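All values reported here derive from a predicted model rather than from experimental measurement. In what follows, residues are counted from 1 in the order of the sequence shown.
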Amino acid sequence: MAQVVRGGGGGGHDYGRALTKSILYFEAQRSGVLPGSQRIAWRANSGLADGKANGVDLVGGYYDAGDNVKFGLPMAFTVTMMAWSVIEYGEQMAAAGELGHAVEAIKWGTDYFAKAHPEPNVLYAEVGDGDSDHNCWQRPEDMTTSRQAYRLDPQHPGSDLAGETAAAMAAASLVFRSSNPGYANQLLQHSKQLFDFADKYRGRYDNSITVARNYYGSFSGYGDELLWASAWLYQATDDRRYLDYLVNNADALGGTGWSINQFGWDVKYPGVQILAAKFLLHGKAGEHAGVLQGYRQRADFFACSCLGKDATDNVGRTPGGMLYHQRWNNIQFVTSASFLLAVYSDHLAAAGGGSVRCSGGGAARPSELLAFAKSQVDYILGSNPRGTSYMVGYGAVYPRQAHHRGSSIVSIKASPSFVSCREGYSSWYGRQGSNPNLLDGAVVGGPDEHDDFADERNNYEQTEAATYNNAPLMGILARLAAGHGSRGRGRLGQSLKDGIAANHSSLPPLSHGADHRQHAASPVKIEQNATASWKKNGRTYYRYAVTVSNRSPAGKTVEELHIGIGKLYGPVWGLEKARYGYVLPSWLPSLAAGKSAAFVYVHAAPPADVWVTGYKLV
């Protein structure tokens, strides 16, 4: 529904009001002893014995979504994105009167991470487990489920989670650099130790903590988080060691090998690529301009794919225009993409970096990136075919039955009688009507590919909200609340020590129509040919053979190769389906230099679009 505009927002929505609510939501997700300033009044203290059985204080932090588990990976990503939102758009938040609340929300997370990192090479990664929690529908204040804590250490590594937590602490140190330098230094010390731990003892955290695998599995591995952490540490310290790491590991950890149009708690490559492009745009590259240009090409791909301007691999859209990746909590990718596009737009414009060049032969101006980001935010706030706001409490029509334990059961303050696991399910989960407690500001999973949405508590794919939905939305809402004429990096941005100085001389131009995934330096080449055809039921079917070759001139091996296929209307042989496209069979984990792999597919159509989504070169 249309809203009255407050301030310079424009576009028929009250972005300032939505900003207020987007930050307020985090107070409903708090675990631990709630402060006197708590505004979500139906919540009370919870998780007060967390960590006690392990001999460590793990009270605090955030519940990730509608459950009562403290999952480390999404919590750390949430804090990183909240901090990045303040770094870019803190001045706009201050103008809207929300900077203090945003900083408080960040500190609630970083205080917990400091507790969870009691030794340089120890990080507590999770409290509670999804299996026991999901068998129980209970207020956090009444929890009787397991509160076991799970930790990472040299014998149980987790480079992805330690790397993401390092990124969160480094980004947050920038937020506190001016206002609380002592605290900022503490965060930076934690960040450096966590990065060293993640880099030295490598491994996926969900191999060490298997109970997390079914809930927040590390599908993209840990290469993206190591690069992400190094980029944030470089931004926070100006220490060239971290920029060198970002550059020297661009091949081996996939930074310039991955071109992916999805950014979230698992896959960080687009975020890394836009940070690296920012360093390049503002003259921080030095002798590393060539490699950072490779990162920027991938950032351009992300923007082009979101805008529908890539030659082959564009993000799908619903009929109403929302970016669409998946049915379960699709909006997380809408808010994260909108934030990245706004940030990239503002830095391109500020540095005079020109347009984004797309492999489809076109270009996109910075203003187009921001306008598209705004269209996605507007969709979330109600400018969609249903006229439904997917932010609880905003607009006239919004979800009333969010899939959320605390919101759906009467407040412990109104009814202090204990609610058991079974009683929660029998008396509250299936109850008809609105939740008794408003989950104000929560952004739910959102509609399906047809713009359809069912506001039902048991429809967790669509009605469950999550902290990582809201965290990037804070930033883009602040940007929009300030109006189109107000870019990031104002006075507050300078005081947050971005370490960026404008320099327009380090931008080698991209050729029009260049394929950003298979540019001249890419060692992976794809060739496909029709090898047979036949007629059946009046249709002509073709068998296509595809060869994927490693032509690395440096003799390096391609690992973790991911292949994307579009416009495919039949079966594939010789590949395995994965979270991000297709991968080679498990018996062929890598391609040595000069070697090839082949697969085939059959369909009654012209050749499918086949491209390389990502790889590591070692």
Answer yes when [X] and [Y] have at least one side-chain N-carboxylate O distance shorter than 4.0 Å, and no when they do not.
| X | Y | result |
| --- | --- | --- |
| R139 | D142 | yes |
| E560 | K616 | yes |
| K70 | D50 | yes |
| K107 | D111 | yes |
| E141 | R43 | yes |
| E126 | R151 | no |
| R39 | D440 | no |
| R405 | E464 | no |

What about the rings of W228 and Y269, do their centers lie closer together than 6.0 Å? no
Pair R30, Q38: side-chain N/O donor-acceptor within cut-off below 3.5 Å: yes
Are T110 and Y183 linked by a side-chain donor-acceptor pair shorter than 3.5 Å? yes
Do the rings of F339 and W84 sit parallel, tilted or perpendicular, given the 30° and 60° boundaries? perpendicular
Taking the cut-offs as 6.0 angstrom to the six-membered ring centre and 45 degrees off its axis, would you call R400 and Y398 a cation-pi pair? yes
With a 3.5 Å distance limit and no angle check, can you tell me whether W108 reaches the backbone of G61 through a side-chain donor-acceptor pair? yes
